[in-house]
Amino acid sequence: MTTELSQNYDPAEVETKWYKAWEESGCFEGNIESKKEPFTIMIPPPNVTGVLHMGHVLDNALQDIFIRRARLEGKSALWFPGTDHASIATQVKVEKVLRDQGTSRQELGRERFLERAWEWSEEHGGAIFKQLRKLGASCDWRRSRFTMDDAYQLSVQHAFVELYNRGYIYRGKRLVNWCPASQTALSNEEVDMRPQKGKLYKMRYEILEEPGRFVEISTTRPETIMGDTGVAVHPDDARYADLVGKHCWRPFPREKIPVVADRAVEKDFGTGVLKVTPAHDQVDFDIGKRHGLPLIDVMNPDGTLNGLAGEEFDGMDRFDARKAAVAKLESLNLLIEAEDYDNNVGYSERAGVPIEPRLSEQWYLKYPRVEEAKRAVAKGIVRFHPKRWEKVYLHWLNNIQDWCISRQLWWGQRIPVWYRKDSDRSDPDNWHVSVEGPGDPESWEQDEDVLDTWASSNLWPFATFGWPSSEPKVKAELDYFYPTSMLVTGFDIIFFWVARMIMSGLELTGEAKDSLGDEEIEARIPFKDIFIHGLIRDSKGRKMSKSLGNSPDPLDLIEKFGADGLRFGIINIAPSGSDILFSEDRIEIGRNFCTKLWNACRFRQMSGELSSNDSLDRILDRLAGSSLDGYGNWVLNRLLETTREIENQFERFEMHQLTHSLYRFFWGDFCDWYVEAAKAMLQSKNDPRHGVALAVSDLVIRQSLQLLHPVMPFITEELWQAMGFGQEGSFLQDTCLPKAAELSEALALRGVVVDEVGARRIEEVNGLISQARAIKAEYNVAPKRDVVLFISPADESSSSIVTANLDTIKKLAGAATIDLRDQVENLPGAVSALGTVYLDLSSAIDVETEKERLGKELEKLGKAIQVGEGKLNNDSFVEKAPAAVVEGARRQLAETKAKREEVARLLESL
RNA sequence: GGGGGAUUAGCUCAGUUGGUUAGAGCGCUUGCUUGACAUGCAAGAGGUCGGCAGUUCGAAUCUGCCAUCUCCCA
């Protein structure tokens, strides 16, 4: 079943064709196959209304690579897809639409708003799945889950109730990050610190006990003066020691407030005197607590000031209030100066407005299993790749703070708590917490709030399977697929998501227990390996954003480079660092590599029959009994090396070298050297080496396609079929990728022993060819095959290698004839490990050019000899270094010396 | 203030337990329509591996200090 390859590769056609065939055949479906080892990845669920961006391309290309590799290794692979409801992000978008339509969620009411949100998510949802298919993602689409699915919501409620009953969830009144735009609390992780150009105001408050004496105070937030309930200085600050215990006048509303001493005050900041506004700042809140200062909340939920701020400020926006407060200070002659000041201000990540520390009653989660979560990573039960991210993870866990999980939003999972009607909500006696709700609903009202999105997505690895249902299917699947094999995600959500999944997995996927042993940890963790990749930025290192317009649409890139080209390109530039600088130039390599692959196969098709390719055994049998030529041996040796290299990369999760290994071997070794060398053997069908060259090519191409398939699934599938490697109705991914050791053994079984020493000699032949080409280039001789070369071999064995490969050397160096001679005079020559190669020039040689070239070479060799001799003359090197290293150095030095002698002789002869 | 990371060719980056004369892609220069491929082929220029000290027979690699940049947390 072979097809002739067209002259050009058409990704669009090939990609559509194969994705359809794959999906229809069900080959992406992950099922329990008890004889196979499971390999599971849960997709980091994208926002339901999101569209594919470059970050998704990288993240999902990586997951697909691991999943497809697992299939080739004979595992039962499951890549579980789904989407996240993205509570605040989606609500913000829907509210914007409502605003544009002249209405608001408040006007619609909860029920109708939720209808609109569902409409929105159904209308825009699923788009990203179509895009992921274009990318080639081999997810088990049948299983796709949405965090707002009924079953998933049930899991979330169950988890809440369970954690509540186990004492991890409590209600608390404290300062939260308040978003005045969305009017909800946010967790610390949802707040971005952004540098701001602001003003630092210096003002003065009069001392109550000493009329006429003032204390100078610096602040960036004069609009909160009305909430001041104290003034603080550092206890060691001699300047103000006498003031502690006295009072000063808050200018408006005029009120006496105490001066307290507290270590939280920075002596060197501003005047060293801090106004304390406990209801509007975390530090002030803590100071207020220590000194018993009252809390005065002067702000409304929407960020306007309220009546407590005084009549003139009532209803004023917080930013206007700042100006008004400054003006008022000025009019009271209390403002000393206003200087420019750069500071960091917290912004709501989603709504993009400055957050407001605000006193509020919320639900908190005291994280469960913190100790075990640390132990899981410290002991290597859960492994980060690259490893350094475990430091970031552990550092966060060591400084962990309770998590505010309630959100004053509507789009999301409603908190399963009911309060007795018309009663005090702060009193737990009036609470009902359950999945089912109270038996007499008419006497209760449900908490209006929903849960933080991450409080539902942290159950993703097991809730997707149906946890905590006791259905046999759910149990069997969890038994088989959980813990999942790995997680692939960006470093930016290690806190948001990764750590929280680990803790919830440890707490919820088994019985409630005081502490967990290592074996229990191993059974409960959500995944064993965490592959962390960087974030994609533009070529100047800026974040990709719609407003900058520096974020390319992946679908455009797919159109331009092909999905395979994009995948190869993006993986190729994704190093293990934290940022990935993207530019189109840098992924061209992917498209070019596809073209190369295509053409190499096309050349193979032109070179001979493809009729006996349909199994590895049949190809190997074609090699049985035939003696492998030098280049065949060399390229098979490189094939085995490359296969081994890639095995190691997958074992170690070091993907940054993957494309380099594949590229170097297929392009740099196979195409550039083997195919070119084989052309000599393929010239005549009567050449006994003809069949061997075809069999070697087929073996290399077959194995390469398998190795490349995880990175470039489409083109490899197309070529696999076209080259006759496939069998009717089967796909590349259903085949078994032989390991290097297995392949080597299978070859040996047929009497083909790949020999490394012989391979090294071919490297030397290549070196000689390069030298010949270099001389020709130096003399501007066109690389045609009409020159005459002379070679004087370095020794007997070199002579036989050169002789054995003479037609290849001719072909690759571009020579009509090559004569072996002992000595050659007055011709430009270059020295290689195998001997000296000379270019026969019909005209006289350019002595000056030649002198310069050889002089440079001589200098280089001289330096190398100095280094080598220095080492070997050093007794302690010879004594202490490993014998192999010393031996290597000796051999190297001898070779270099011989070369230098030869170059010196050439120079002399001029 | 606390913690992480980076610094290697013009640019973006490899360099895995320290061991030949430090590599790749892009860019640059030169020459090639060699019947697989100009999305290509060949040759070449370009680096005192941020600085200083230390450990070692041997350091881009390990340790310390310094400098610059960067990210995260407060």
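Per chain, numbering begins at 1; letters A, B, ... match sequence-line order. Just so it is clear, the structure is predicted and the values come from calculations on it, not from any experiment.
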Problem set entry | Sugar-phosphate, base or nothing in reach of A:R602, heavy atoms under 4.0 Å | sugar-phosphate

For this session: Take atom CZ of A:R891 and atom P of B:G19, then tell me their distance rounded to the nearest Å.
Result: 17 Å

Problem set entry | Spacing of A:H395 atom NE2 relative to B:G5 atom P, expressed in whole Å | 12 Å

Seminar exercise, completed: In terms of heavy-atom contacts, A:I573 and A:R586 come closest through CG2-NH2, 3.4 Å

Exercise. A:E641 and A:R644: salt bridge (Lys or Arg N to Asp or Glu O under 4.0 Å), yes or no, with the steps?
Worked result: CA-CA 5 Å; A:E641 278 178 4; A:R644 212 172 294 127; 5.9 Å; no

For this session: Go through B:U12, B:C57, B:U16 for me and flag the one nearest to the A:A881 side chain.
Result: B:C57

Exercise. If the C1' atom of B:G1 is compared with that of B:A45, how far apart are they to the nearest Å?
Worked result: 49 Å

For this session: Between B:G25 and B:U39, how far apart are the C1' atoms? Round to whole Å, please.
Result: 14 Å

Seminar exercise, completed: Sorted by position of nearest nucleotide on RNA chain B, 5' first, the leading residue of A:I589 and A:N592 is A:I589

Seminar exercise, completed: Rounded to whole Å, CG of A:N599 lies from P of B:G40 at a distance of 10 Å

Exercise. Taking the same atom, C1', in B:C49 and in B:A22, what whole-Å distance lies between them?
Worked result: 8 Å

For this session: Would you kindly give the CG-to-C1' distance between A:D585 and B:U12, to the nearest whole Å?
Result: 11 Å

For this session: Quick one: do A:R890 and A:E895 satisfy salt bridge (Lys or Arg N to Asp or Glu O under 4.0 Å)? Show the steps, please.
Result: CA-CA 9 Å; A:R890 283 218 175 92; A:E895 269 172 32; over 6 Å; no

For this session: Taking the side chain as every heavy atom from C-beta outward, state whether A:W598 and A:L719 have any pair of such atoms under 4.5 Å apart.
Result: yes

Exercise. Quick one: what's the B/S/- string for nucleotides 41-47 of chain B, heavy-atom cutoff under 4.0 Å, read 5' to 3'?
Worked result: SSSS---

Exercise. Nearest of B:U21, B:A36, B:C13 to any side-chain atom of A:A864?
Worked result: B:U21

Problem set entry | Geometric cation-pi criterion A:R773 and A:W673, 6.0 Å radius, 45° cone | yes

Problem set entry | Rounded distance in Å between the C1' positions of B:U8 and B:A14 | 10 Å

Exercise. Looking at A:Y674 versus A:Y631, is the centre-to-centre ring distance below 6.0 Å?
Worked result: no

Problem set entry | A:V867 side chain, from C-beta outward: closest of B:A36, B:U21, B:C57 | B:U21

Seminar exercise, completed: A:K387 atom NZ is separated from B:G4 atom P, nearest whole Å, by 14 Å

Exercise. Is the centre of the A:W497 ring less than 6.0 Å from the centre of the A:F491 ring?
Worked result: no

For this session: Using a heavy-atom cut-off of under 4.0 Å over every strand shown, decide if A:E654 touches base, sugar-phosphate, or nothing.
Result: base

Exercise. With sugar-phosphate meaning primed atoms plus P, OP1 and OP2, does A:F495 contact a base, only sugar-phosphate, or nothing at under 4.0 Å between heavy atoms?
Worked result: sugar-phosphate

Problem set entry | Separation of the C1' atoms in B:U61 and B:G18, to the nearest angstrom | 6 Å

Exercise. For B:G35, does either OP1 or OP2 sit under 4.0 Å from a side-chain N or O belonging to A:K679?
Worked result: no

Exercise. For the pair made of CG in A:L394 and P in B:G4, what is the distance, rounded to whole Å?
Worked result: 11 Å

For this session: Take atom P in B:C65 and the same atom in B:G5, then report the distance between them in whole Å.
Result: 14 Å

Exercise. With respect to the phosphate group of B:C72, does any side-chain polar atom (N or O) of A:K391 fall under 4.0 Å of OP1 or OP2?
Worked result: no

For this session: Determine the interatomic distance between C1' on B:C66 and the same-named atom on B:U12; round to the nearest Å.
Result: 28 Å

Seminar exercise, completed: A:M723 atom CE is separated from B:A36 atom C1', nearest whole Å, by 11 Å

For this session: Establish whether the base of B:A36 is bridged to the side chain of A:E676 by a donor-acceptor pair shorter than 3.5 Å.
Result: yes

Problem set entry | Pairs where residues 655-683 of chain A contributes a residue and the test salt bridge (charged side-chain N to carboxylate O under 4.0 Å, His left out) is met, not counting sequence neighbours | A:R638-A:D669, A:E676-A:K679

Exercise. Just to confirm, is there a sub-4.0 Å distance from OP1 or OP2 of B:G25 to any side-chain nitrogen or oxygen of A:N572?
Worked result: no

Exercise. For RNA chain B, what is the dot-bracket line, given that a base pair needs Watson-Crick (N1 to N3, plus N6-O4 or O6-N4) or G-U wobble (N1-O2 and O6-N3) geometry with both distances under 3.5 Å, and | means paired with another strand?
Worked result: (((((((..((((.....[...)))).(((((.......))))).....(((((..]....)))))))))))).

Exercise. Among side-chain atoms of A:E645 and A:S661, is any donor-acceptor pair under 3.5 angstrom?
Worked result: yes

Problem set entry | Candidate list A:V57, A:D538, A:L557, test side chain to side chain contact (heavy atoms under 4.5 Å, CB included), partner A:P552, passing option | A:L557

Problem set entry | Shortest non-hydrogen separation from A:E764 to A:L834 and the atoms involved | OE1-CD2, 3.3 Å

Problem set entry | 5'-most by nearest nucleotide on RNA chain B - A:M606 or A:K871 | A:K871

For this session: Rounded to the nearest angstrom, tell me the gap between atom CG in A:N874 and atom C1' in B:C57.
Result: 5 Å

For this session: Compare side-chain N and O positions of A:H660 against OP1 and OP2 of B:G23 and report whether any pair is under 4.0 Å apart.
Result: no

For this session: Counting heavy atoms from C-beta on, name the nucleotide in B:C37, B:U16, B:C57 closest to the side chain of A:R652.
Result: B:U16

Problem set entry | Exercise: identify the closest heavy-atom pair between A:A830 and A:Q771 | CB-OE1, 3.6 Å

Exercise. Roughly how far apart, to the nearest Å, are B:G64 and B:C57 at atom C1'?
Worked result: 22 Å

